[in-house]
Amino acid sequence: MEPSWHNAPVPSFGSKDARLLIVGLAPGLRGANRTGRPFTGDWAGDLLYETLIEYGFATGLYEERPDDSLTLVDTRITNAVRCVPPQNKPTPAEIKTCRSFLEATISDMPNLKAIVALGRIAHESLARALGQSPSKLPFSHGASFDLPQIGSGIRVFDSYHCSRYNTNTGVLTPKMFKAVFKDVQRMLG
Ligand code: URA
């Protein structure tokens, strides 16, 4: 037991008025599950927040705690799964159950223009949340898809998840990750 930890569903971080939504996978046990803020205290947060600051989607200092000075700019971060999953691997049932929260998060964002899906699982849950079949909208790192039928038009950008595993094995390099946010920046202007 860790009574000082958050240990509960992790709420989205950032304003509902943002034009950009980033969809992660699930809170890390000792990261977001501990601190209560997505990607905060997680390995994955180091690259994510560094990149967001570099491309103007965040300001301040990321210090791995929810009361640091980091502020998101026109950006909101959520997770496909809201609670820390057993063995850090979300089950299909959890992903399905949490999809209603993802749907609500999306429909609560009136200015939404761009969504970054971090990894295949987030991409597939997001596709379903947007009423698309993942088989018709397959995950592809670096690709983007226009969904003109959603709201006033949304573009989905795919990236490999910025996890410790993916970055340590070279599946995702910082350069590859940053290129995705460069594309988003170019689109949002
Ligand atoms: N922390 C999160 O909040 N989400 C992830 O996908 C990974 C780490």
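Counting starts at 1 for both ligands and their atoms, in listed order.
Between the side chains of T173 and K178, no donor-acceptor pair of N or O atoms lies under 3.5 Å. Residues T35 and T40 have side chains that never bring a donor and an acceptor to within less than 3.5 angstrom of each other.
Ring centers of H123 and F145: under 6.0 Å apart, within the cut-off.
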Please give the N or O to N or O pairs under 3.5 Å between ligand 1 and the protein, distances rounded to 0.1 Å.
unit_1, atom_1, unit_2, atom_2, d
ligand 1, 1 (N), D42, OD2, 2.6
ligand 1, 3 (O), F39, N, 2.9
ligand 1, 3 (O), N79, ND2, 2.9
ligand 1, 4 (N), A26, O, 3.0
ligand 1, 4 (N), N79, OD1, 2.8
ligand 1, 6 (O), L25, N, 2.7
ligand 1, 6 (O), A26, N, 3.4
ligand 1, 6 (O), H161, NE2, 2.7

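Checked against side-chain hydrogen bond (donor to acceptor under 3.5 Å, both in side chains), D42 has no partners two or more places apart in sequence or in another chain.
The aromatic rings of Y49 and F39 sit perpendicular to each other, their planes meeting at more than 60°, with 30° as the lower class boundary.
Summarising the geometry, atom NZ belonging to K89 is positioned 9.0 Å from atom CG belonging to L25; distances are rounded to the nearest 0.5 Å.
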